[in-house]
Structure formats: structure tokens, C-alpha cells
Amino acid sequence: MNDAPPSAETRMQFLFALRSRGVTDARVLGAMESIDRGPFVRGLFSERAYEDMPLPIACGQTISQPSVVGVMTQALQVNPRDKVLEVGTGSGYQAAILSRLARRVYTVDRHKRLVQEARQIFEALDLVNITALTVDGSFGLPDQAPFDRIIVTCAAEDPPGPLLAQLKIGGIMVLPVGQSDTVQTLIRVHKAEDGLHYDELRPVRFVPLLEGLGKDA
Ligand code: SAH
């Protein structure tokens, strides 16, 4: 774990990059200021933790670019009483940010190793309102459904049906959709009384949502 806190200058540059790329919501910026990205980036790339770029993590996955985390979190419009599901724990960074904004965060990944490592960081940072589980998130988390908010940080061709079903009426889901190796689109789904409403937010690039558990699980 890279535990050295960033310098004041690094911190300022980090926040400046977020603002200049469209992250303007004060609660989201506050949450991102309160959680250092350093502990979530291990090994070779730890020195680059405060740059606005995606970085490799274990199991061939990536920790998302901070400004993309910010834009997605902002689009999710999380309220303090919300129960949130994240599909794609990865490093745990996005879940940690969400834990500052929501009542309860469930985060799932198909790789057991990633879930275990993320849990250790949540514990070290005393983020007690996150539950991290090793499951195939394409089926959501029926035991804990319905959710006020759902965020998916891996790309599917279409929004998975079980996730749409596990969203409350009035709920919001943010996810990348599209073919895995081309440009994908970040979309926001709002589940209203009269059905689902879709908004296209911006082009993004995420690792694919894969069916089944990872080999390490
Ligand atoms: N949100 C993460 C980045 C996620 S990278 C962060 O903040 O670091 C995408 C993650 O989605 C990977 O860890 C991958 O293992 C996971 N993933 C892919 N398909 C999945 C599935 N069906 N269920 C759960 N997790 C999945």
C-alpha cells in the first residue's frame, strides 16, 4: 500500500484536474478530497496514483481515471440515505468514494483477490458502511435489492436486466454500454413510474463485464 499522503500541491493538482474535466458537484469533490487514491494503487504504478489516468491493478483489471469516477459519481446523484450497489469493485476506490455519500454501499467483483484486497483497505480506512462480495454482478445482488442507486464500472452491451429489475422506482443507474474493445458510451438510466428513461453522458472506455466468477474465486 502506498500510504504516504500526497503533498498539498499534488492534492491541489488532483482537484484541479477533476474540476477542469467537469466534476463540479461540491459533495462529490469533498468525498474525493477525503479519500486518497494512493492506497488503492499498488506496486509499480503507485507513484502515479494522483495523476488523472487509469492504472493497472491486479487480475488484469484497471482502476478508473479519477475524473471518470467523479463524473459517474456526480451523475449518480447519491443521497445520504441511499443504498448503493456497485458492480466491479476493482481496487475499491469508487466504492470508497461512494461510502462517503451514501448510507450503505454493496460492491461486488468476480475476482476474489480484488474483493479481499479492497476489504483490507476499507478496514484500514475505517469505511464501515461498505460490504464487498465475490459474485457475478450481472445478476445483481437479489438478497439486498432493491437499490436506490446502481453503478456499473465494467462495460456490457446493454444494461443487464437483473440490475434494472433491482433498481427502485425513482432510482438511478449509471453504466458504460457498448462493445468491449471499441468506444463505449456512459449512460444514465432513470427508473420512473412510467418506465425507464435513458440519457447518454459521454464516450468512455472500460474493461468488459464478463459472465461467471474469475479463476481465482
Ligand atoms: N470500480 C473499480 C474499477 C473497476 S474495473 C475501481 O474503482 O477501481 C472493472 C471491474 O469489473 C474488474 O475488477 C472486473 O473484475 C469486474 N467485473 C467484470 N465483470 C464482472 C461481473 N460479471 N461481476 C462482477 N464484477 C465484474
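Each ligand, and each atom within it, is numbered from 1 in the order the structure gives. Bear in mind that the values here come from a model prediction, so they are computed numbers and not experimental data.
- Counting atoms of ligand 1 from 1 in the listed order, those under 4.0 Å from a heavy atom of Asp136 are 21 (C), 22 (N), 23 (N).
- Atom numbering of ligand 1 starts at 1 in the shown order; those under 4.0 Å from a heavy atom of Val135 are 23 (N), 24 (C).
- A heavy-atom distance below 4.5 Å is not found between the side chains of His111 and Thr134.
- Applying the side chain to side chain contact (heavy atoms under 4.5 Å, CB included) test between Leu186 and each of Leu175, Asp199, Leu201, Val177 identifies Leu201 as the sole match.
- When the options Gly88, Ser91, Cys59 are ranked by their closest heavy atom to atom 11 (O) of ligand 1, first place goes to Gly88.
- Among the atoms of Arg110, some N or O lies under 3.5 angstrom from an N or O of ligand 1.
- Shown are Glu86, Gln94, Arg119; of these, the side-chain hydrogen bond (donor to acceptor under 3.5 Å, both in side chains) with Thr107 is made only by Glu86.
- Ligand 1 has no N or O atom lying under 3.5 Å from any N or O atom of Leu114, backbone or side chain.
- With ligand atoms numbered from 1 in the order given, ligand 1 contributes 1 (N), 2 (C), 6 (C), 8 (O) to contacts under 4.0 Å with heavy atoms of Thr89.
- Of the N or O atoms in Glu86, one or more lie within a sub-3.5 Å distance of an N or O in ligand 1.
- Not one N or O of Ile63 is nearer than 3.5 Å to an N or O of ligand 1, by distance alone.
- Environment of CD in Glu123: sparse, with no more than 12 heavy atoms of neighbouring residues, nucleotides or ligands closer than 6.0 Å.
- Close contacts between ligand 1 and Val207 involve ligand atoms 5 (S), 9 (C) [criterion: under 4.0 Å to a heavy atom].
- Residue Thr107 places every heavy atom at 4.0 Å or more from ligand 1.
- Sparse packing is recorded around CZ of Phe16, with 12 or fewer heavy atoms of other residues, nucleotides or ligands lying under 6.0 Å away.
- Not one N or O of Thr62 is nearer than 3.5 Å to an N or O of ligand 1, by distance alone.
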